[in-house]
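Let me begin by presenting the structure, written as structure tokens, before commenting on it.
For this chain, numbers begin at 1 and follow the sequence in order.
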Amino acid sequence: MTMDDVVIVGTAVIDQIMNLRSTFIPNGCNKVDLFTNHGGSMRNVAENCANLNLVVDFISKYGNDDNALSIIDNLNKLNIGVYGPTIDVATPLFVKINGDQEFMFATTTPDFFLNTNDNIPVAILKKHKYGITDNHDQEFLNYILKNSDQTKWIISSYIPNKELFHYIDGIILNENEFINHTNNELNYKSNLIKLFNQGLNWVIVTLGDQGCIYMDKGQIFTISTEKKKGNPLGCGDAFASGVIYGLCIDNSLKDAIILGHKLASLTLDTPYSVVKDLKSRINTLGL
């Protein structure tokens with residue numbers, strides 16, 4: 001294990017982003033600018049982390065088509081270790097239409113969610129400094145957490161069963177995800193302290209352009225961020241990538257969050273879900 005070693009578990013898809021050229025016309029032909037790229041929240045994190053010069057292993061399920069081959073080829077070019085089964089299904093699409101009205105669609109099916117029947121080798125999970133996943137299958141999550149005791153795991157986008165908190169280092173989720181977990185109870189402080197008392201070291205709740213609120217070892221803090229317009233797709237993934245990078249180089253959680261905000265801000269400037277020229281813009285992050 002090295003200080004910059006991370007394992008990432010999640011889905012890989014194809015993003016199709018359409019930006020309306022004018023006001024949306026119901027029942028009419030709307031002209032758009034189309035941007036197509038590899039996507040999937042955890043795949044985005046894997047690409048960002050590789051471009052931040054972390055050593056990355058990525059575990060996923062892959063479709064049986066040219067899109068999957070393109071995704072795997074790109075990951076290989078980034079020196080990312082690629083693991084997981086291929087299934088005889090087309091690679092899922094994520095479609096987002098941006099404009100005065102916004103729509104999102106996805107063709108992802110349960111076939112692409114890793115589970116214990118996929119027989120992911122334990123050796124792939126071991127000896128990483130950090131791991132991150134948004135996998136919601138509690139049985140599979142239990143499997144990977146208990147078979148990677150040297151890895152500090154971060155859960156993205158939801159809060160799993162509290163019986164697993166002992167195996168988790170921290171959780172990153174957005175405001176809506178946090179509210180859904182707490183039954184629309186908006187008392188952040190009491191809910192975050194409750195999670196600490198149940199065994200979590202830290203929890204970050206992102207608040208869009210308001211920054212974030214986070215709990216670190218039972219203490220509650222807030223960090224503001226620059227208010228900036230742009231393409232929000234991939235900003236949450238970029239934020240998580242910056243946090244992981246900061247933690248891998250032994251920054252404090254606060255400093256890791258600041259890096260996350262910087263990377264998310266860069267992502268607002270691109271029509272894609274990742275910053276394509278991130279390697280050449282690392283100085284912008286102050287790294």
Check whether any side-chain heavy atom of [X] lies under 4.5 Å from a side-chain heavy atom of [Y], and answer yes or no.
| X | Y | answer |
| --- | --- | --- |
| Asp255 | Leu259 | no |
| Cys235 | Leu268 | yes |
| Pro110 | Asn115 | no |
| Ile59 | Leu125 | yes |
| Tyr130 | Leu247 | yes |
| Asp118 | Phe140 | no |

May I have the step-by-step check of side-chain hydrogen bond (donor to acceptor under 3.5 Å, both in side chains) for Asp15 and Ser273, ending in yes or no? CA-CA 8 Å; Asp15 285 343; Ser273 57; 3.1 Å; yes

Leu253 and Ile204: side-chain contact (heavy atoms from CB on, under 4.5 Å), yes or no, with the steps? CA-CA 10 Å; Leu253 183 61; Ile204 303 169; 4.0 Å; yes

Has [X] got a side-chain atom pairing as donor or acceptor with [Y]'s backbone, closer than 3.5 angstrom?
| X | Y | answer |
| --- | --- | --- |
| Ser224 | Gly211 | no |
| Glu47 | Val274 | no |
| Thr107 | Leu93 | yes |
| Asp65 | Ala68 | yes |

Approximate separation, where rounding is to 0.5 Å, of [X] [atom1] and [Y] [atom2]:
| X | Y | atom1 | atom2 | value |
| --- | --- | --- | --- | --- |
| Ile124 | Ser148 | CD1 | OG | 12.0 Å |
| Ile8 | Met42 | CD1 | CE | 7.5 Å |
| Asp134 | Ser157 | CG | OG | 5.0 Å |

The criterion is side chain to side chain donor-acceptor pair (under 3.5 Å); which residues satisfy it with Ser265, sequence neighbours excluded?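 Ser265: side chain to side chain donor-acceptor pair (under 3.5 Å) contacts with Lys228.
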
Residues which pass side chain to side chain donor-acceptor pair (under 3.5 Å) with Asp169, listed by chain and number, not counting sequence neighbours: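 Applying side chain to side chain donor-acceptor pair (under 3.5 Å) to Asp169 gives Asn201, Trp202.
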
Before you tell me yes or no, could you show the steps for Val122 and Tyr143 under side-chain contact (heavy atoms from CB on, under 4.5 Å), namely the whole-Å CA-CA distance, both residues' side-chain angles and the distance that decides it to 0.1 Å? CA-CA 9 Å; Val122 172; Tyr143 172 80; 3.4 Å; yes

Heavy-atom count check: over 12 atoms from other residues, nucleotides or ligands less than 6.0 Å from Lys254 NZ?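 Counting neighbours around NZ of Lys254, 12 or fewer heavy atoms of other residues, nucleotides or ligands fall under 6.0 Å, so no.
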
Please step through side-chain contact (heavy atoms from CB on, under 4.5 Å) for the pair Lys96 and Glu102, ending with a clear verdict. CA-CA 7 Å; Lys96 185 169 189 246; Glu102 295 190 350; 3.9 Å; yes

Residues in side chain to side chain contact (heavy atoms under 4.5 Å, CB included) contact with Asn79, at least two apart in sequence or another chain: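 In terms of side chain to side chain contact (heavy atoms under 4.5 Å, CB included), with neighbours along the sequence ignored, Asn79 is linked to no residue.
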
Asp237 and Ser41: CA distance, side-chain angles, deciding distance, side-chain hydrogen bond (donor to acceptor under 3.5 Å, both in side chains) verdict: CA-CA 6 Å; Asp237 308 332; Ser41 180; 2.6 Å; yes

Which residue pairs pass the ring-ring contact (aromatic ring centres under 6.0 Å, His included) test when at least one of the two sits in residues 224-270, sequence neighbours left out?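 Output for this query lists Phe239-His261.
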
Between Val243, Asn174, Ile257, which is the residue that forms a side chain to side chain contact (heavy atoms under 4.5 Å, CB included) with Cys212?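 Checked Val243, Asn174, Ile257 against Cys212; only one passes side chain to side chain contact (heavy atoms under 4.5 Å, CB included): Ile257.
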
Criterion side chain to side chain contact (heavy atoms under 4.5 Å, CB included) against Tyr188, the qualifying member of Val205, Val203, Ile220, Ile193: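 When Val205, Val203, Ile220, Ile193 are each tested with Tyr188, the side chain to side chain contact (heavy atoms under 4.5 Å, CB included) holds only for Val205.
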
When the side chains of residues 23-40 are checked against the rest of the protein, which donor-acceptor pairs come out under 3.5 Å, sequence neighbours left out?
from: Asn30; atom 1: OD1; to: Ile25; atom 2: N; distance (Å): 2.7
from: Asn30; atom 1: ND2; to: Ile25; atom 2: O; distance (Å): 3.0
from: Asn30; atom 1: ND2; to: Gly28; atom 2: O; distance (Å): 3.3
from: Asp33; atom 1: OD1; to: Arg21; atom 2: NE; distance (Å): 3.1
from: Asp33; atom 1: OD1; to: Arg21; atom 2: NH2; distance (Å): 3.2
from: Asn37; atom 1: OD1; to: Lys276; atom 2: NZ; distance (Å): 2.8
from: His38; atom 1: NE2; to: Ser70; atom 2: OG; distance (Å): 2.9

Give the ring-plane orientation class for Phe103 versus Phe105, where under 30° counts as parallel, over 60° as perpendicular and anything between as tilted.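 Phe103 and Phe105: parallel rings.
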
Is there a side-chain contact (heavy atoms from CB on, under 4.5 Å) between Ile144 and Leu141? Walk through the geometry before answering. CA-CA 5 Å; Ile144 63 175; Leu141 185 61; 4.0 Å; yes

Tracing side-chain links under 4.5 Å among I, L, V, M, F, W and Y, which residues wind up in one group with Ile87?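 Besides Ile87, the hydrophobic cluster comprises Val89, Phe112, listed by chain and residue number.
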
Can you give me the closest heavy-atom contact between Ala12 and Phe58, atom names plus distance?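 Looks like CB-CE2, 4.3 Å.
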
